[in-house]
Amino acid sequence: MYLVGAGPGDPRLITVRGVECLRLADVVVYDRLASPELLGYVPAAAERIFVGKGPRQHTMSQDEIDELLVERGLAGQIVVRLKGGDPFVFGRGGEEALALDAAGVPFEVVPGITSAIAGPSFAGIPVTHRQVAASFAVVTGHEDPTRDASGVRWAGLANGPETLIFLMGVENLEPIVANLLANGRPASQPAAAIRWATTPDQEVVAGTLGSIVERVRGADLRPPAVLVVGDVVGLRDGLDWRSRLPLAGLRVLVTRARQQASALSARLVELGAAPLEYPTIEIRPVDDPAPFDSALADVGQFGWIVFTSTNGVDAFWERLLRSGQDSRALAGVQICAIGPSTAGALATHGITADWIPPEFVTDSILDGFRKRDLGGVGILLARADIAPPVLADGLREQGALVSEVTAYQTTPSPESRDRLLAALELRTIHVVTLTSSS
Ligand code: SAH
């Protein structure tokens with residue numbers, strides 16, 4: 001059993017160990033604040049159990065969750081209990097661990113980045129700062145603060161740590177602020193509330209202890225949010241790095257095939273966007289490789305081979321190696337790559353492209369070959385099943401003997417279809433990217 005902290009919201013903020021555990025899981029038991037995208041790390045056959053928990057909406061009681069974990073643990077399943085933030089920061093992870101211990105189920109705790117610290121960070125607020133705040137406290141805002149039995153000692157809090165961080169505090173904002181003011185915290189002290197921190201929905205409402213209630217209510221800020229009170233909030237102007245990212249707050253749909261999606265996603269992340277990968281097409285080996293194999297049997301006879309995609313390069317080498325040959329079979333053949341990525345894929349096989357056209361399109365290839373004499377020259381094109389005939393036709397017009405073989409197939413991806421429809425129905429996607437006609 002692994003009690004894993006999912007991090008504050010952005011699925012990239014889970015730990016390496018957390019991902020390792022997800023990859024091992026037979027069962028994942030997750031709640032509302034753990035990013036659903038993390039389920040992408042879980043083996044397809046694993047069971048996914050949502051146990052909910054929002055304010056006033058409990059899908060399963062804590063006892064039922066404890067029971068579920070114990071039952072699965074005793075059955076010998078590899079269970080990941082995935083919890084938002086850190087499992088031991090107001091996550092009832094301690095209770096779950098005690099239940100496991102009582103039942104004799106061994107467990108490991110994988111800490112997570114808590115929203116208590118990451119939430120302020122993503123709003124440009126350091127929870128400590130030299131000469132401003134030497135301590136911080138993380139406090140539950142959930143206890144009814146008007147009750148005598150409240151576990152929160154207001155006088156000590158108001159006059160203790162320079163930075164106060166409240167989780168689960170939106171609904172009780174009024175009494176929290178009133179208690180702090182009544183115990184001597186100045187009304188002029190800066191305060192901020194950060195909702196859905198680290199996600200594209202992040203919203204920040206800032207003010208002072210005197211104005212924060214009105215501002216939060218005015219902005220209709222709902223849970224989940226982190227409330228920060230302290231002079232560190234005043235450092236935001238210089239430190240609000242996130243809102244400076246050009247694509248901050250945008251959810252961008254990446255429809256490329258899985259093989260290439262991650263490269264696009266990585267660059268989107270650099271610009272601050274949240275990429276959502278739903279590959280609409282799949283790149284697959286051809287059903288009938290015989291024509292490809294017969295072209296490869298005599299591959300050294302071609303004058304040129306033209307590669308128009310990294311997929312073509314990968315498929316080519318896959319079949320070449322299977323045929324018992326390797327890159328040396330291309331010793332006397334000239335190689336054209338349509339662009340730098342395709343050339344990069346060739347380089348991984350020890351091949352430096354002889355020629356890359358100045359523009360990475362078919363016309364540019366045809367223009368370039370016009371300067372060479374293609375009369376009677378054999379050219380091999382290893383392409384997708386759906387590749388348009390323009391390139392082969394154009395080369396033939398120039399007198400080349402063109403062999404066009406299907407190196408890979410492009411098919412619709414059934415696996416992501418339903419997930420994609422569900423994502424679109426949520427209407428939270430801002431940008432859709434399409435990088436090929438297919
Ligand atoms: N274990 C979690 C906290 C669970 S309590 C952690 O370490 O982060 C739930 C509260 O956490 C919410 O009411 C809210 O105050 C806070 N919270 C969790 N994720 C948040 C997020 N992405 N943005 C703002 N607040 C969040």
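Counting convention: from 1, in listed order, for ligands and their atoms alike. Start at 1 with the first residue, then count along the sequence.
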Item checked: E277/R256 salt bridge by N-O under 4.0 Å criterion -> no
Notebook entry, point to check: Quick one: do R319 and D293 make a salt bridge, cutoff under 4.0 Å?
Noted result: yes
Notebook entry, point to check: Does E20 pair with R23 as a salt bridge, N-O distance under 4.0 Å?
Noted result: no
Check: Going from CD1 on I125 to CG on D231, what distance comes out if it is rounded to the nearest 0.5 angstrom?
Finding: 12.0 Å
Margin query: Taking E318 first and then R322, would you say they form a salt bridge - that is, a charged N and a carboxylate O separated by under 4.0 Å?
Written below: yes
Item checked: Electrostatic pair D201:R251 at N-O distance under 4.0 angstrom -> yes
Next item on the list: Can you tell me which residues line ligand 1 if we count any heavy atom under 4.0 angstrom from one of its atoms, in chain and number order?
Entry: P8, L33, G84, G85, D86, V89, F90, T114, S115, L167, M168, I194, W196, A197, P224, A225, V226
